[in-house]
Amino acid sequence: MPELPEVEAVCRRLRDEGLDERIRGVRIFRCATDAVAALTPGRRIERVERRGKHILVHLSGSVMLHVHLRMSGNFFRIPDHRLFSTYARTILELRGGAGLVLEDPRALARMHAGPSAEIEAAIAGVGVEPLSRLFTQAWLQAEARRSRLPMKLFLMDQSRLAGLGNIYTAEALYRARIDPKRQANVVSAAKLGLLHGTIVEILNDAVQSAVAAYSGPGQFREAESFSLAVYDREGEPCTRCRRIIRRIQQGGRSTYYCPGCQR
DNA sequence: TCGATCCTGTAG
DNA sequence: CTACAGGATCGA
């Protein structure tokens with residue numbers, strides 16, 4: 001599921017469906033620390049915040065629930081906490097028999113709880129929000145100037161810019177016509193300026209799409225989902241230049257790009 | 001900075 | 001069967 005847009009969708013839904021709810025009980029099967037069971041029961045959900053791909057649920061009494069969905073996690077409300085699916089890993093019981101469930105087939109997701117200060121400290125290293133005012137062309141250019149990482153890895157480093165993952169990084173570099181293998185410090189300021197715009201544009205579009213898709217079977221329209229131009233298109237012709245999309249490995253992950261127009 | 005690791009599911 | 005999966009961390 002989740003890069004920034006999908007995590008944002010989860011947070012918005014949580015705000016709609018979980019705010020002011022009190023956590024009555026906790027059932028941990030996997031993925032959560034004992035602290036969740038020890039600290040969260042009896043507390044009320046006061047605020048839901050996203051930092052990059054991290055979900056912070058502010059609870060009463062200065063305690064926070066910290067959730068990371070990793071590769072395949074999801075976190076949402078269910079009407080009956082006794083009717084959980086196979087992949088339910090941890091359940092927070094709410095009033096009226098409802099529940100919040102952390103679902104994850106791969107069980108890579110993580111949930112932890114602690115005093116707010118402790119949780120804050122734990123995620124202090126998370127970088128700049130790409131949809132905030134801190135993320136400017138000048139900032140991106142300055143950061144790039146002092147990094148020799150290939151652009152793909154440069155953008156995916158969560159301690160610098162927080163929230164881009166494998167898919168949207170590929171899409172942003174494609175739109176900005178930047179070779180993912182190119183070292184950050186040798187990419188032109190002009191290209192970086194363009195990249196800045198494409199990142200913001202792609203994330204905004206993807207948030208819209210994720211929110212629409214995630215609000216379930218829409219009563220009105222089927223949300224048109226974000227369409228991917230390069231990701232998972234190895235062997236297909238580029239729609240811009242007809243060259244064949246390639247897949248390479250970077251940092252142990254697949255990178256998709258067009259060797260024709262990304263340089 | 002690479003590779004292995006955490007896990008399970010699915011596609012080929 | 002193998003390869004790979006929208007993530008992150010750890011040790012070599």
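Residue numbering restarts at 1 for every chain, and letters A, B, ... go by the order of the sequence lines. Since this is a predicted model, take the numbers as computed values, not measurements.
Remark: dG12(B) base-pairs with dC1(C). Criterion, Watson-Crick or G-U wobble with two distances under 3.5 Å.
In this model, the phosphate group of dC4(C) is not approached by any side-chain N or O of Tyr256(A) to a distance below 4.0 Å at OP1 or OP2. Taking side-chain N and O atoms only, His68(A) has a distance below 4.0 Å to OP1 or OP2 of dA8(C). Checking the phosphate oxygens (OP1, OP2) of dG7(C), a side-chain nitrogen or oxygen of Arg253(A) falls inside 4.0 Å.
For Arg44(A) and Asp20(A), the salt-bridge test passes: some basic side-chain N is under 4.0 Å from an acidic carboxylate O. Using a cut-off of 4.0 Å between Lys/Arg side-chain N and Asp/Glu carboxylate O, Glu21(A) and Arg77(A) are scored as salt-bridged.
Residue Arg110(A) places no side-chain atom within donor-acceptor reach of the base of dA8(C), judged by atom type and a 3.5 Å distance cut-off alone.
The interatomic distance linking Glu103(A) (CD) with dT8(B) (P) rounds to 15 Å, in whole Å. Going from atom CE of Met71(A) over to atom P of dT5(B) covers 16 Å, rounded to whole Å. Distance, Arg247(A) CZ to dA3(C) P: 11 Å, rounded to whole Å. The interatomic distance linking Ile123(A) (CD1) with dA8(C) (C1') rounds to 15 Å, in whole Å. Atom pair Asn74(A):CG and dT8(B):P shows a separation of 18 Å (rounding to whole Å applied). The interatomic distance linking Arg106(A) (CZ) with dG7(C) (P) rounds to 10 Å, in whole Å. Across the protein-nucleic acid pair, Leu161(A) atom CG and dG7(C) atom P stand 13 Å apart, rounded to whole Å. Distance Gln249(A) CD to dA5(C) C1': 12 Å, rounded to the nearest Å.
Distance check on atom P: dA4(B) versus dA3(C) gives 12 Å, rounded to whole Å. Taking atom P on both dC7(B) and dC10(C), the two are 14 Å apart, rounded to the nearest angstrom. dC6(B) and dC1(C): their C1' atoms are spaced 22 Å apart (whole Å).
Within 4.0 Å (heavy atoms only), Ser254(A) reaches sugar-phosphate atoms of the nucleic acid but no base atom. In this structure, Arg30(A) reaches the sugar-phosphate backbone alone: every heavy-atom distance under 4.0 Å involves primed, P, OP1 or OP2 atoms, never a base. At a threshold of 4.0 angstrom between heavy atoms, the contacts of Tyr87(A) are confined to the sugar-phosphate backbone, with no base atom among them. Arg148(A) comes within 4.0 angstrom of nothing in the nucleic acid, heavy atoms only. Contact annotation for Gly165(A): backbone-only contact, meaning every heavy-atom pair under 4.0 Å involves sugar-phosphate atoms and none involves a base. Contacts of Leu4(A) with the nucleic acid, taken as non-hydrogen atoms under 4.0 Å apart, are absent.
Between Leu100(A) atom CG and Thr40(A) atom OG1 the span is 10.0 Å, to the nearest 0.5 Å. Here the CZ-CZ distance, from Arg50(A) to Arg12(A), works out to 8.5 Å after rounding to the nearest 0.5 Å.
Each of dT8(B), dA8(C), dT1(B) was ranked by its minimum atom distance to the side chain of Leu149(A); first place goes to dT1(B).
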Next item on the list: Would you please test Tyr168(A) and Asp205(A) for side chain to side chain donor-acceptor pair (under 3.5 Å) and show each step?
Entry: CA-CA 11 Å; Tyr168(A) 298 120; Asp205(A) 286 356; over 6 Å; no
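Take the nearest nucleotide of DNA chain B for Arg70(A) and for Thr86(A): the residue whose nucleotide is more 5' is Arg70(A).
Applying salt bridge (Lys or Arg N to Asp or Glu O under 4.0 Å) to Glu93(A) and the options Arg27(A), Arg24(A), Arg22(A) leaves one that passes, Arg27(A).
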